[in-house]
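This report concerns only the one structure given below.
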Protein chains: 4
Amino acid sequence: MPRTAGSRGARTAAAIRRAGLKLIARHGFAAMNLRELAAEVGIQPGSLYNHIETKQALLFDLIREHLDSLLASTEAALSAAPPDPLAQLRAFAAHHVLYHLEKRQEVYIANFELRALDAANYGRIIILRQAYEARLTALLEAGDQAGELTVADPPVTAFALLAMLTGVCTWYRPGGRLSKATLVALHTDLALNGIRRRASG
Amino acid sequence: MPRTAGSRGARTAAAIRRAGLKLIARHGFAAMNLRELAAEVGIQPGSLYNHIETKQALLFDLIREHLDSLLASTEAALSAAPPDPLAQLRAFAAHHVLYHLEKRQEVYIANFELRALDAANYGRIIILRQAYEARLTALLEAGDQAGELTVADPPVTAFALLAMLTGVCTWYRPGGRLSKATLVALHTDLALNGIRRRASG
Amino acid sequence: MPRTAGSRGARTAAAIRRAGLKLIARHGFAAMNLRELAAEVGIQPGSLYNHIETKQALLFDLIREHLDSLLASTEAALSAAPPDPLAQLRAFAAHHVLYHLEKRQEVYIANFELRALDAANYGRIIILRQAYEARLTALLEAGDQAGELTVADPPVTAFALLAMLTGVCTWYRPGGRLSKATLVALHTDLALNGIRRRASG
Amino acid sequence: MPRTAGSRGARTAAAIRRAGLKLIARHGFAAMNLRELAAEVGIQPGSLYNHIETKQALLFDLIREHLDSLLASTEAALSAAPPDPLAQLRAFAAHHVLYHLEKRQEVYIANFELRALDAANYGRIIILRQAYEARLTALLEAGDQAGELTVADPPVTAFALLAMLTGVCTWYRPGGRLSKATLVALHTDLALNGIRRRASG
DNA sequence: AATGAATGAGCTTTCATTCAT
DNA sequence: TATGAATGAAAGCTCATTCAT
C-alpha cells in the first residue's frame, strides 16, 4: 500500500533540494560533499539515494528547475507589462533583478556550476539558458527598430546587461543599506540609460 | 650553488603557475587535482612541492599576483589619460575590459574562486579587491560632483558597472565575430551612457 | 486466514527461488544483489523478506533442495537398473550427466558457491554431498571386488569421475552440436572405460 | 633519480599479487575486498593504487599470467617427452595434474572467476584458454589417427579429460593421504584408459 | 630538484536488512 | 503481503601531502 501524499518521503526530497541549494551555493558543487548534505537533512548518506540518482543528477535537477521557473515567471512579468518596447524592457530588467535577488542560491549555481555538469546535462541546460538570453536580445532588437533604443550589437548588449543585472546578487545581503526595491530601480535605470536613444546628436 | 635565472627550476615553477591557471579556470579549484597539474607540467605530483607550498598557497599566489598586476596597470592607464572625470572613467572602463579580455583565466579565478581561499588568505585578497572597487567608486563620485555624471549610489553603481564590464570575459573567445577593440568600445559606451548626465529635461 | 495453495504468496516465493537460481548462477552469490533479484521478480527489495529469511538462507535452501533432489533421483535411477556392478555404475553415470545437463544452474551453485555458506550451513550441506560421493565410491568398490573394475583408489577415483561427468555442464548450451543423449553416452563410456578391467596383463 | 631495482616498490607489487591470489582463491573475487588485501600486504588501501590499476585489472593480470605460464610450461613438458601420440598425451596429462596441484590458487581463479572479468578482458583470456584446450584436442586427434586411441569427439573428450584432471585441485590438500606423484599417476592412468584403443573385440 | 611509494582522510555509491504503514 | 524510506556498514577509489632516496 503506497504512502499517502505529503508523506515523509516527499518532505525528505524537498529538504534534500533545499540543503543542496544551500551547500552548493556555499561551497561549490565539487567542494560540497554528500555527507554534509545528508547531515543537514538529518539522514544517513546512503539514504540520499532513495531520493536522488547521483550527485550529478541533483545538480542538474536544481539548475533545470531554476531555469524553468525563471523562464515562466519572466513570461508572466512581460505579459503583465504594457506592450511597448521600453516598458517591456523595463519589466524584463526589473523582474530579472528582483527574481535574482530572491533566488540568489539558485542563480549562483545556475551561473557558476554549469561546468560541473556532464556533457549531456550541459547541453540540455544551455538550451534553456539561450532561450532566456534570446528573449532579451529580441526585446533589444525591437526597441532598436522602434527607434527608442540604440543597440550597437543586440546579443552582446544582452550579455552585458544580464551580467550587470545579475551581478547584484553576488554581494547583496538582506538587511543591508539598500532595499530590494531600491536596488531594482537603480539597476533598471542604469541598464535602460545605457541603451536609450539620445535626443539628437 | 644557486642556478641561474633561466634554470630548470625557475622554468618548472613558471610552468606550474601556467598550468594552474589553465586547470583552475577550466575545472574550478576544488575539481582541479594536482595529479593532472603535474602531468600537464610533465613532472610527478610529489615534485610539485619543490615549487609550491600547498594547493591552497598556489591559488592564493595566482590571485594575488593577478590583483597586484591589475591594480598597477590600472594606475598606469589612468595616468596616461586626461585628468578630467569623464576621460578618467572612460580610461578605467576601457582598460578594465581590455585587461579582462586578455587575462580571462586569471579573472575567472580571481572572481569565482575566492570562496576556496582559507580565511587568512581571503582577508588578504579582499583588501586588494576593495582597493580596486574603491578606485572606480572614487571616479564615479568625482564625475558626479563635477556635474558630468548622475550616479545614484556610487558603490552600488561601481559594482554594477564592474559586473557588466567583467561579464564579457565569461563568453568571449578569440577569433569570434567581434574584435577585442570593438568589444571594448561597445562596453565602454554602454557603461558611460548608463551614468552620463542627461542634457536637462 | 491462510491463502490457498496457488496464492500470490506461494507464487512469489517460487518466483524468488527461480530468480535466485538464475542470478546466482549468472553472477555468483556475492556479486548477485537482492535489488536485481527483486526487480526480476517484480517486487520491491523489502518485500523479499516476506519470503526469505536472509540472502544466506536463500542460498542454503537452494543448495539443499538441489542435493535432496539429486540424491532422491539417483536412488530411483539405481533402483531401476540391473543390480550388477557395471550396470549400476553405468546407470549412476548416465543419470549424473543427464541430471546435471538439465539442472545446470542448480549444479553450478551447489558446486561453486559452497564457500559462500556460513559455517553451520556449510556443515549441513557437506553431509549431503558426501553421501552422494559415498554412493559412487561404494559402487566402485563393489565393481572392483566383483572383478569387473580396476579401481586404484575408490574415493579418489570417485572424485575424478564426478569432476569429469560434471564438467560438461560448464560448457553445454542447448541447441549445440551434440544432443544431451549423445553427451550422456560419450561421457558414460569415457568414465567406464577408464576403470573397466583390462582383459589380462 | 629512480629507485634501484629490487626496491620496496617491486616487493610490494609482488606481495599484492600473492595476497590477491590467496584472497581471491579463498573468498572469490566479488567477496574479496581491497581493504583486506591491503591489510594482508601491510599497507593502506589507497596505496594499492600505486601498483594496480583497478581491482578488475588485478584479476585480469593474475589470470593472464597464470595462463601464459601454463601454456609455456606445457610446451616445455611436451618437448621433453617422446614424440609418439601416447607419450605426448601422457606427458600432457601428467604435467597438467602436477601443475594444477602446485598452483591451486591460480587454477581456481582462472577457472571460476572468468565471469568476473569485464567483456574486454574476458575476450582476451578466452583466447588463451582456447589455445590450451586446442592443444589437447590436437593430441587426441593425432592419437586417434595413429590408431592408438578411440576418441569419439575430440573437443568434447578434451573438455571431459580437462575437467577430470583439474578436479583434483578442488579437494587436494598437502600432507593428505596420497602424494602428488601418486595422484598424478592415478589420474593419468584414468584419463588414458578412458581413451586407449581396446585390443579388438 | 625529481622520483616512487606511502599515508590517512575522504569521497560517492552500494547493499542487506528493518520497519511503520 | 507489499511498499517506501530508512539504516549502518562497507565498498572501490581519489587525493593532497610527505619523505627517503
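Convention: sequence-line order gives letters A, B, ...; per-chain numbering from 1.
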Closer than 4.0 Å, any side-chain N/O of D/Thr12 to the OP1 or OP2 of E/dA6? yes
On the six-membered ring of A/Phe60, is A/Arg124 placed so that its NZ or CZ lies under 6.0 angstrom from the centre and within 45° of the ring axis? yes
If you check every side-chain atom of [X], which of [options] has the closest atom?
| X | options | answer |
| --- | --- | --- |
| B/Tyr49 | E/dA5, F/dT18, F/dA6 | F/dT18 |
| B/Lys55 | E/dT3, F/dA16, E/dT17 | F/dA16 |
| A/Ser47 | E/dT7, F/dT7, E/dA1 | F/dT7 |

If we ignore hydrogens and angles and just use 3.5 Å, is the side chain of [X] paired with the main-chain N or O of [Y] as donor and acceptor?
| X | Y | value |
| --- | --- | --- |
| A/Thr12 | A/Arg8 | yes |
| B/Glu113 | B/Tyr108 | no |
| B/Lys22 | B/Glu40 | no |
| D/Lys55 | D/Asn33 | no |
| D/Gln56 | D/Asp118 | yes |
| B/Asn111 | B/Val107 | yes |
| D/Gln105 | D/Gly20 | no |

Which whole-number value in Å describes the distance from [X] [atom1] to [N] [atom2]?
| X | N | atom1 | atom2 | value |
| --- | --- | --- | --- | --- |
| A/Asn50 | E/dT14 | CG | P | 12 Å |
| B/Leu48 | F/dA16 | CG | C1' | 10 Å |
| C/Ile52 | F/dT1 | CD1 | C1' | 15 Å |
| A/Arg8 | E/dA20 | CZ | P | 13 Å |
| A/Gln56 | E/dT12 | CD | C1' | 13 Å |
| B/Arg11 | E/dA2 | CZ | P | 10 Å |

Check DNA chain E for consecutive Watson-Crick or G-U pairs with both distances under 3.5 Å and list the runs of at least three as stems. E:2-21 with F:2-21
Can you work out whether B/His51 or C/Glu53 has the more 5'-proximal nearest nucleotide on DNA chain E? B/His51
Any non-hydrogen side-chain atom of C/His51 less than 4.5 Å from a side-chain atom of C/Arg17? no
Any residue of residues 17-46 of chain B with a heavy atom less than 4.0 Å from an atom of DNA chain E: B/Ile43, B/Gln44, B/Gly46
